[in-house]
S.K.: 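Provided herewith is a single structure, encoded as structure tokens, for subsequent inquiry.
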Number of protein chains: 2
Amino acid sequence: MRPGDLERVQSLPLFQDAAPETFRVATAGAHVQRFPAHTMLLLEGDPVDFLYVLLDGQAELHGTWNDHETVLAILRPVSTFILAAVVLDTVALMSARTLERCELLMIPGDAIRTAMRLDARFAQAVSRDLAGGYRGLVRTIKNHKLRGGVERLANYLLALRASDNAGSTVRLHFEKRILASLLGMTPENLSRAFAALHDHGVTVEGSLVHIAKPGALEALAKPDPLIDNHAPRGGDILIDADAEIWSSEWNRATSR
Amino acid sequence: MRPGDLERVQSLPLFQDAAPETFRVATAGAHVQRFPAHTMLLLEGDPVDFLYVLLDGQAELHGTWNDHETVLAILRPVSTFILAAVVLDTVALMSARTLERCELLMIPGDAIRTAMRLDARFAQAVSRDLAGGYRGLVRTIKNHKLRGGVERLANYLLALRASDNAGSTVRLHFEKRILASLLGMTPENLSRAFAALHDHGVTVEGSLVHIAKPGALEALAKPDPLIDNHAPRGGDILIDADAEIWSSEWNRATSR
DNA sequence: TGTCTGGTTTGATTTGCATCAAGCCAGCAC
DNA sequence: GTGCTGGCTTGATGCAAATCAAACCAGACA
């Protein structure tokens, strides 16, 4: 483990509330492992023995059925994944694969479950993390069931712009075929969706996307705070911070 | 509150592990309320003040965007809902509406959050509940992204058969237009999907669905334990019980 | 009983998306 | 350089699902 890695992990919402002792015990049995690009970390259906913490690199969660595959999330550091399976001590519903060279901290599931038993504050943090994840998935489902492909792409771009505090040009952090699968379409159709956004001020050059007229794009995308976690709140002070500061990339990845 | 109601609530996975004192405190501030059919219980975007427990009747969770609406889950007794929003003390992402006359126990969110702080076992139970819910949503997303409409319907029918331990005839518990929305299609297409299943031994009479050739239907549906919670496990003893005995109807509702 | 209403079904048409196929382009090995 | 390879794009075609429209049917109700 590199200097600073533990601190980065400890500052995750999942752990920052835990008692120092809890954190120490949980990470005592953990180990860091490096994986090359395009390596399967976990296969759906397999028992989950570790909570994974992505320290460096990018990874993907995907699901399979009937010889088809769909990307469910893209993970970027620092984030944890498959917490739900760890809590229930059961098999994974998603497979995980590295997109590039990755460095992962693997914390034994037993340690996590024990820590939950001993430290109520940690158990609460787990609950908050899972609740945030749950809500991210609800957003994803609404995104997919209520919007068409072009709208999903438009909102994804707006989310990227908001999250990477980018200016008018945003960078896609991974291949377009991955993005297509994440957004629930074929690479061909993603290409056509980008073409459709051309009329709304969007131009593409490799992995760089220029948004010339954010207003026009928003008019098409109709972002909604109840689907897109970045979207502007209706003008009220009631809710000033959605507690979903969440460890994984779900929100960004699934278009917020 | 009727006699026996409290016992039914206490026997939920969410509460059966809690200390009796915890349960007493949490339900002390709770009250039972009855609602007529087709009544909005909760509007997406509104702050969530209560954890709802459906004691009697049927209710629906749905989401809205751009004048469209989609059903996200059907709830049947006894189940809790919007736990995630309660844990995070934030606004609802889904609206809730009664489908028929309903009886609900409403537990103040404060009481739930306090109980989590005081009782680590309860906090663990909340985590398990949310983890189960999370996994239910992952299943739902895989179901929608990987399967076509007819396949979703076929699997839904098989799930119904398995859960209601029905024989060869199953009962749809709610209107077909609701089911259509839940499965992500229009009522017209649900009708056509049923017609398509006719060749595979499925006949419909009102809300009664007869499955003449379960084998043929399974061949079409290709149920998968990693999507459909009812599906037969591959032949191993490793996992004998998925811990997702979960309070709500998600699994059944969203086709398991 | 007749009439109204709303859910369901069926058919015709259009739209959206997937599939198939070819071409393009950059990176890279040789 | 040449010739790969793999990702991306573009076009043509086919299929699945939404939409539009009309008919049907059952229950509610006067």
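Within every chain, numbering begins at 1; the chains are lettered A, B, ... in the order of the sequence lines, protein sequences first and strands thereafter.
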S.K.: Side chains of B:T203 and B:H210: is there a donor and an acceptor less than 3.5 Å apart?
M.R.: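 Judged by distance alone, the side chains do not pair up.
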S.K.: Within this structure, what is the CZ-to-P distance between B:R147 and C:dA18, rounded to whole angstrom?
M.R.: 18 Å
S.K.: Starting at atom CG of A:L99, determine the distance to atom P of D:dG6, rounded to an integer number of angstrom.
M.R.: 17 Å
S.K.: Rounded off to whole Å, could you give me the CZ-to-P distance for the A:R152 and C:dC17 pair?
M.R.: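 So the CZ-P distance, A:R152 to C:dC17, works out to 7 Å.
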S.K.: Tabulate atom names and distances for all N/O pairs under 3.5 angstrom spanning the protein and nucleotides 24-26 of chain C.
M.R.:
none

S.K.: Rounding to an integer number of Å, can you tell me how far A:I178 CD1 sits from D:dG6 P?
M.R.: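 Between P of D:dG6 and CD1 of A:I178: 15 Å.
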S.K.: How many whole angstroms separate atom CZ of A:R177 from atom P of D:dT5?
M.R.: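 For the pair A:R177 CZ and D:dT5 P, the rounded distance is 17 Å.
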S.K.: Does the side chain of B:S95 reach to within under 4.5 Å of the side chain of B:M40, using non-hydrogen atoms?
M.R.: yes
S.K.: So, A:H38 versus A:R97: side-chain donor-acceptor pair below 3.5 Å or not?
M.R.: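 There is no such pair (donor and acceptor under 3.5 Å, judged by atom type) between the side chains of A:H38 and A:R97.
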S.K.: Is the CZ atom of B:R101 crowded by more than 12 outside heavy atoms at less than 6.0 Å?
M.R.: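 Count not over threshold, so no.
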S.K.: Quick test of your reading of the model: are B:E44 and A:K142 salt-bridged, counting only N-O distances below 4.0 Å?
M.R.: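 A salt bridge links B:E44 with A:K142.
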S.K.: In whole Å, what is the span from the NE2 atom of A:H198 to the C1' atom of D:dT9?
M.R.: 14 Å
S.K.: Checking side chain to side chain contact (heavy atoms under 4.5 Å, CB included) for the pair B:E151/A:W65: CA distance, chi angles, key distance, verdict?
M.R.: CA-CA 12 Å; B:E151 291 158 338; A:W65 180 75; 3.7 Å; yes
S.K.: Under the side-chain hydrogen bond (donor to acceptor under 3.5 Å, both in side chains) rule, what do A:N155 and A:H230 come out as? Steps first, then yes or no, please.
M.R.: CA-CA 10 Å; A:N155 279 292; A:H230 72 91; 4.9 Å; no
S.K.: Choose from D:dA18, D:dG7, C:dT9 the nucleotide whose nearest atom is closest to any side-chain atom of B:M185.
M.R.: D:dA18
S.K.: Rounding to an integer number of Å, can you tell me how far A:L172 CG sits from D:dC8 C1'?
M.R.: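 After rounding, the reported distance stands at 13 Å.
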S.K.: When the aromatic ring centroids of A:Y134 and B:Y134 are compared, is their separation below 6.0 Å?
M.R.: no
S.K.: Using only side-chain N and O atoms of A:T186, determine if any of them is under 4.0 Å from OP1 or OP2 of C:dC17.
M.R.: no
S.K.: Please list, by residue number, the residues of residues 187-195 of chain A whose heavy atoms come closer than 4.0 Å to an atom of DNA chain C; answer none if no residue qualifies.
M.R.: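 Heavy-atom contacts with DNA chain C come from A:E188, A:N189, A:R192.
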S.K.: Please report the distance, rounded to the nearest Å, between CG in B:L153 and P in C:dT9.
M.R.: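 Spelled out: CG on B:L153 to P on C:dT9 is 11 Å.
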S.K.: Under 4.0 angstrom, heavy atoms only, what part of the nucleic acid is A:G206 near: base, sugar-phosphate, or nothing?
M.R.: nothing
S.K.: Do the ring planes of B:Y156 and B:F174 sit parallel (below 30°), tilted (30 to 60°) or perpendicular (above 60°)?
M.R.: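 Answer is perpendicular, since the angle exceeds 60°.
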